Amino acid sequence: MLAHSIKRSSCYSFNSILRTLLKSGNFEKALHHFVQFRDQGFLPDNYTIPSLLKLLHDLHQPLHYRENIHSFAIKNGYLKDIFVTTGFVEMYFSFGCVASSRQLFDETPIKDVVLWTAMVSGFSHNGSGDLAVNFFSQMVGEGVKPNRITLTSVLAACSQLMVPNLGRSVHGFSIRNGIFSSDVLLETAFVDMEMIYENLREPESSILASLLQVCGGTSDLRHGREIHGHVTRSCRNMNSYMMVENNALIDMYAKAGDLNSAVLLFENVKNKNLVTWTTMISGYGMHGLGTEAAEAFNAMKKTGIIPDGVTFIALLSACSHGRLVDEGLQLYISMQRDYKIEPDMKHFACMVDIYARSGLLDQAFSFIKKMPVEPSEFIWASLLSSCRTYKNVVLGEQAAIKALAFNQYNTRVYILLSQLYADSGQWEDFSKVRLVMKDLGLKPTTAQSWVEVERKIYIFTVRDNMNPYSEKMYKLLETLTETMHKEGFVAYRSSGCHDITKEEKEHYKKSWIKRPVIFGWKSPY
DNA sequence: ATAGGGTTAG
């Protein structure tokens, strides 16, 4: 009895100290403290576990260690404590293990606002904005009242999904329920531009930045330029926060395809900070200008600005788009050796892409296998994409299986895999994939693109015949193709689902009858 | 009475 109470009180003070050390960022001391505690024969209690998970996160420890803590927590019945459950939910989300988080959530009988919020933000961070919004409405439906943190998370998901109306209704909801968040500004960003001119008040930098983000993302140069004009007119040049507007404008021009304007503005900006440089590097990169990106990086270093993790993401992705394998590897090494930056999932994804886009699929795969953390769904899907380009069915299948283990409903993965099969003439496998999609209720989506000409937006798709200019456009394409041939270029022609010959169609119809019941591949693991 | 969810212009 006495021993028990001593242990309990020791746990109490241990937990307090651990928490304090973590808060002040003394991770090494915190680890030392934990090791001492453990060596004295004490075991973590339910109060310790959330802190312990945070410690392992801060020390970049692999998933494996945390799974041990998960087993430990299960054995001791600590998952009855919602604080512990929430910790694990958050931890699995951070490793991209969405299914594990979801399972934990489902197994929790009584869910509070924090657990619900962890789900909303977890989905949002893993690129599932739709599920984030879905869980938010479930939560409201079950009578759990969201707070400002929940709203911040769900609004982030709304803006990710580009659904301003949903954002507006969330905003309306928060007003009706008396919940206010400074981040509802995010939603305001979607309010129509003309409204800004009618508004007496000067729009916040953050609103302008969000609007520019939308302009960049939709290649809406016209609105982007209008905002630029607005910023220039609104005598805020003397203010320091002009930095935010300029950086957002440079990014917008680069993303909307007008690299010249981006460079022009960049060169005219007097005080460039790390974000300005990184934006320009990333702009060059997305236009395939690896050399210019590298030059900008060198120029930045000369000014004494120290790059951070995001700068290296921009550089590595420039290498991947410019097929610069050796340069990418050198940067990846230098980042860790010279700047002490720990690579995270995004850097890993860039490295995989650098190898894979250059056709070095085996090197991409061995890089994945050597990663210290569980590769994300995105990494597998991007490997699959390159497997399709280079027609590597064996590796492509493995990548697809891995990606689908994260999310069974990833339409893009099925499409890529079926195209890979089609390109390789494996029509039976092609139809198998399409049937699995059909069983799951997934529809192949046709990619759309659009262009704005004289205030009118023209949307078009592959083999589009609906456009009144279709005939003219295809004639022009023919001329272009001819010119390319004359110049010595050979067009790569995909034999994807649009290009099925008569025999292949017959074959496809036949195999349609043989409905596979389950997903027909075995995991290589 | 010690713990869990969000936050950046790139």
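On a predicted model such as this, the values are computed, not experimentally measured, just so you know.
- Applying the 3.5 Å distance criterion, the base of B/dA9 shares no donor-acceptor pair with the side chain of A/Asn246.
- In this structure, A/Asn15 atom CG and B/dT2 atom P are separated by 11 Å, rounded to whole Å.
- Side-chain atoms of A/Ser153 come within 3.5 Å of backbone N or O of A/Ile149 as a donor-acceptor pair.
- By the side-chain contact (heavy atoms from CB on, under 4.5 Å) test, A/Ser385 pairs with A/Arg412, A/Leu416, sequence neighbours left out.
- In this pair, A/Phe312 and A/Tyr339 present their aromatic rings tilted. The plane angle is within the 30 to 60° band.
- In this structure, A/Leu55 places its CG atom 16 Å from P of B/dA3, rounding to the nearest Å.
- Stacking is not found between A/Tyr47 and the pyrimidine-like six-membered ring of the B/dA3 base under the 5.5 Å centre-distance and 30° plane-angle cut-offs.
- Within residues 278-300 of chain A, the residues having any heavy atom closer than 4.0 Å to DNA chain B are, in order of number, A/Thr278, A/Thr279.
- Evaluated for a side chain to side chain contact (heavy atoms under 4.5 Å, CB included) with A/Met252, the options A/Ser219, A/Ser261, A/Cys215 yield exactly one hit, A/Cys215.
- Among the heavy atoms of the strands lying under 4.0 Å from A/Thr150 is at least one base atom, whether or not backbone atoms are also near.
- Of the candidates B/dG10, B/dA3, B/dT7, the closest approach to any side-chain atom of A/His125 belongs to B/dT7.
- In this structure, A/Leu274 atom CG and B/dT8 atom P are separated by 16 Å, rounded to whole Å.
- The side chain of A/Asn247 sits closest to B/dA9 out of B/dT2, B/dG5, B/dA9.
- Judged by distance alone, with hydrogens and angles left aside, A/Asn273 brings no side-chain donor or acceptor close enough to the base of B/dG10 to form a pair under 3.5 Å.
- For A/Ile149, the listed nucleotide lying nearest its side chain is B/dG6; candidates were B/dG10, B/dA9, B/dG6.
- Atom CZ in A/Phe42 sits about 19 Å away from atom P in B/dT2, given to the nearest Å.
- Aromatic ring centres of A/Phe136 and A/Trp116 lie farther apart than the 6.0 Å criterion allows.
- Here A/Phe297 and A/Trp277 keep their ring centres 6.0 angstrom or further from each other.
- In this entry the distance linking CG of A/Leu249 with C1' of B/dA9 reads 10 Å, nearest Å.
- Atom CG in A/Leu115 sits roughly 9 Å away from atom C1' in B/dG5 (whole-Å rounding).
- One finds a side-chain N or O of A/Arg19 lying less than 4.0 angstrom from the OP1 or OP2 phosphate oxygen of B/dA3.
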Steps toward side-chain contact (heavy atoms from CB on, under 4.5 Å) verdict (A/Ile110, A/Ile82):
CA-CA 8 Å; A/Ile110 297 161; A/Ile82 199 160; 5.9 Å; no
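- Taking every side-chain heavy atom of A/Asp308 into account, B/dG10 is the closest of B/dA3, B/dT2, B/dG10.
- Distance from the side chain of A/Thr117 is smallest for B/dG5 among the nucleotides B/dA3, B/dG5, B/dG10.
- For A/Thr86, the listed nucleotide lying nearest its side chain is B/dG4; candidates were B/dA9, B/dA1, B/dG4.
- In the set B/dT2, B/dA9, B/dA3, B/dA3 carries the atom at the smallest distance from any side-chain atom of A/Asp81.
- Across all strands, A/Thr311 comes closer than 4.0 Å to base atoms (heavy-atom distances).
- Atoms CG (A/Asp251) and P (B/dA9) sit 11 Å apart, rounded to a whole Å.
- Among the atoms of the strands shown, none is found under 4.0 Å from any heavy atom of A/Val120.
- The phosphate of B/dG4 has neither OP1 nor OP2 within less than 4.0 Å of any side-chain N or O from A/His57.
- Ring geometry, A/Phe135 versus A/Phe123: the interplanar angle falls from 30° to 60°, so the pair is classed tilted.
- In this structure, A/Asn147 atom CG and B/dT7 atom P are separated by 13 Å, rounded to whole Å.
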